[in-house]
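For reference, the structure discussed in these notes is given below.
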Amino acid sequence: MSTKITGIYDARKELGWGKSIIMGLQQCFAMFGATILVPVLTNSYGEGIVGLSASVTLFCAGVATLWFHFITKGKVPVFLGSSFAFLGMYQAIIPQYGKEYATGGVVAAGGLYVILAILIKVLGTKRVMKLFPPAVCGPLIILIGINLAGSAIDNLFTNWMLGIVPILVIIICNTWGKGMIKIIPILLGVIGSYIFAVIIDPSVRANVAQNVHDAEWLALPIHMEHTVIGLFMRDNLDGHLLLTSVVTIVPLSLATMVEHIGDVSAISSTCNRNYIENPGLHRTLMGDGLATAFAGMFGGPANTTYGEN
């Protein structure tokens, strides 16, 4: 005898505020690793090269996600985090031109999203979707993830015991957990990892305590001199370099737009809702594009819809 599984579409109403907050924390931890990995990698290109800021990246991802939900009328359960599709271009541009020129290209890439969203609104979703069949969207999303496999393996072998703990916790919660335990396996995996790290490594306890002590309680991480706005305020703005960055980065947005369509289609299937039709692909693309342009304007990396969330 099979049991029909129904989704929870209004967590606040069906689960209450307490459980909703816990699930919100899980969403935060689910996106955290991938979102800050992009600025971490841009800071590892070479000694003396300043890459993207993790604090600015998180700030832009949060504001961009809220803006996306405003545009899509709060209907599409998506988090917008750092896109890995642009990493190669950051690596090529930031060491030579600086991150301000690189993020200038990101703003232009977001503008291309907006143009496609307008075309979809004018021409209709069905005509455009014929150009992006599942056979195109699926492999592209897979390839973007596979490109990061090397980084995942390298990180694992820095402390393989610590890397295995969250996997085991998540598997146990998903397999044998009941009720809320089964709903928040990622959050429990992260908590279990921190507890394990504190127990086996005294230096972790010292680092956590020191970082909490040194952190500012309230601060805006954006420094205008390192933003696109600050770039245009300079007397030595190099228009040729900015155009080069735009021409280099904007074509990549074609790949991330395919990724966006694939993700929204997958989320529609998972949630048993057709988000391509309602609120409409033009709204989701518009939200993603404006979010990416906002992030680039203030020194953050391009955003994309996150499948893990």
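Since the model is a prediction, treat every value here as computed from it, not as a measurement. The figures that follow rest on heavy atoms only: side chains count, while hydrogens, waters and symmetry mates do not.
Residues Thr256 and Leu252 have side chains not in contact (no heavy-atom distance under 4.5 Å, counting atoms from C-beta outward). Side-chain contact between Val78 and Asp263 is absent, with no heavy-atom pair separated by less than 4.5 Å. You'll find the side chain of Leu15 reaches within 4.5 Å of the side chain of Met23, heavy atoms only. Side-chain atoms of Phe86 and Val38, non-hydrogen and from C-beta on, never get closer than 4.5 Å to each other.
Here CG of Asp288 is found 4.5 Å from OH of Tyr113. Values are rounded to the nearest 0.5 Å. In this structure, CG on Leu231 lies 8.0 Å from OG1 on Thr227, to the nearest 0.5 angstrom. The structure places CG of Leu123 at 11.5 Å from CD1 of Ile118, a figure rounded to the nearest 0.5 Å. Here Met257 contributes atom CE and Ile120 contributes atom CD1; the two are 9.0 Å apart, rounded to the nearest 0.5 Å. Note: Lys99 NZ to Ser245 OG = 14.5 Å, rounded to the nearest 0.5 Å. Rounded to the nearest 0.5 angstrom, Ser193 OG and Phe196 CZ are separated by 9.0 Å.
Judged purely by atom type and a 3.5 angstrom limit, Thr103 uses its side chain to pair as donor or acceptor with the backbone of Glu100. Between the side chain of Gln26 and the backbone N or O of Ile186 there is at least one donor-acceptor pair closer than 3.5 Å. Checking side-chain atoms of Tyr101 against main-chain N and O of Asp238 turns up a donor-acceptor pair under 3.5 Å. Side-chain atoms of Ser253 do not come within 3.5 Å of backbone N or O of Leu112 as any donor-acceptor pair. A distance-only check finds no donor-acceptor pair linking the side chain of His260 to the backbone of Leu281 [under 3.5 Å].
Using bins of under 30°, 30° to 60° and over 60° for the plane-to-plane angle, the ring pair Tyr306/Phe79 lands in the tilted bin. The aromatic rings of Phe59 and Phe294 sit tilted relative to each other, their planes meeting at an angle between 30° and 60°. Ring orientation note: the planes of Phe70 and Trp67 are close to parallel, at an angle under 30° on the 30°/60° scale.
In the hydrophobic cluster analysis, where Ile, Leu, Val, Met, Phe, Trp and Tyr join through side-chain heavy atoms closer than 4.5 angstrom, Leu66 is grouped apart from Ile21. Linking ILVMFWY side-chain heavy atoms closer than 4.5 Å, directly or via other members, places Trp17 and Leu187 in two distinct hydrophobic clusters. Under a hydrophobic clustering in which Ile, Leu, Val, Met, Phe, Trp and Tyr are joined whenever their side-chain heavy atoms come within less than 4.5 Å, directly or via other members, Ile171 and Ile191 fall into different clusters. Put simply, Val122 and Ile71 are part of the same group of oily side chains (I, L, V, M, F, W, Y) that touch within less than 4.5 Å, one to the next. Under the 4.5 Å side-chain heavy-atom criterion for Ile, Leu, Val, Met, Phe, Trp and Tyr, Val169 and Ile167 are members of distinct hydrophobic clusters.
Looking at Lys73, Lys75, Arg273 one by one, the single match for side chain to side chain donor-acceptor pair (under 3.5 Å) with Asn278 turns out to be Lys75. The residue from Thr292, Leu52, Val106 that alone fulfils the side chain to side chain contact (heavy atoms under 4.5 Å, CB included) condition with Pro301 is Leu52.
In this structure, Arg283 fails the cation-pi test against Tyr275, since its NZ or CZ atom is not both closer than 6.0 Å to the six-membered ring centre and inside 45 degrees of the ring normal.
What you find for Ile267 and Pro77 is that their closest heavy atoms are CG2-CG, 3.9 Å. Closest of all the heavy-atom pairs between Leu162 and Ala197 is CD1-CB, 3.8 Å. The two residues Pro279 and Val76 make their nearest non-hydrogen contact at CD-CG2, 3.6 Å. When all heavy atoms are compared, the tightest approach of Asn303 to Ser82 is OD1-N, 4.0 Å. Minimum heavy-atom separation, Thr35 to Ala61: CG2-CB, 4.3 Å. Residue Leu80 comes nearest to Ala291 through the heavy atom pair CD1-CB, 3.5 Å, listed as atom of the first residue, atom of the second, then distance.
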>> If you apply the rule side chain to side chain contact (heavy atoms under 4.5 Å, CB included), what do you find for Ile170 with Leu188, and how did you get there?
In response: CA-CA 7 Å; Ile170 291 171; Leu188 295 176; over 6 Å; no
>> Please evaluate residues Leu58 and Met31 with respect to the criterion side chain to side chain contact (heavy atoms under 4.5 Å, CB included), reporting the C-alpha separation (whole Å), side-chain torsions for both, the decisive distance (0.1 Å), and the verdict.
In response: CA-CA 10 Å; Leu58 287 170; Met31 69 82 193; 4.1 Å; yes
>> side chain to side chain contact (heavy atoms under 4.5 Å, CB included), that's the test. Do Met286 and Leu290 meet it? Break it down for me.
In response: CA-CA 6 Å; Met286 179 71 74; Leu290 291 177; 4.0 Å; yes
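Other residues, nucleotides and ligands place more than 12 heavy atoms under 6.0 Å from the CG atom of Asn236. A 6.0 Å sphere centred on CE of Met224 holds more than 12 heavy atoms belonging to other residues, nucleotides or ligands.
Under the 3.5 Å distance criterion, with hydrogens and angles disregarded, no donor-acceptor pair is assigned to the side chains of Lys182 and Asn174. Donor-acceptor pairing under 3.5 Å is recorded for the side chains of Glu259 and Thr304.
The residues Glu225 and Arg234 are annotated as not salt-bridged, no charged nitrogen and carboxylate oxygen being separated by less than 4.0 angstrom.
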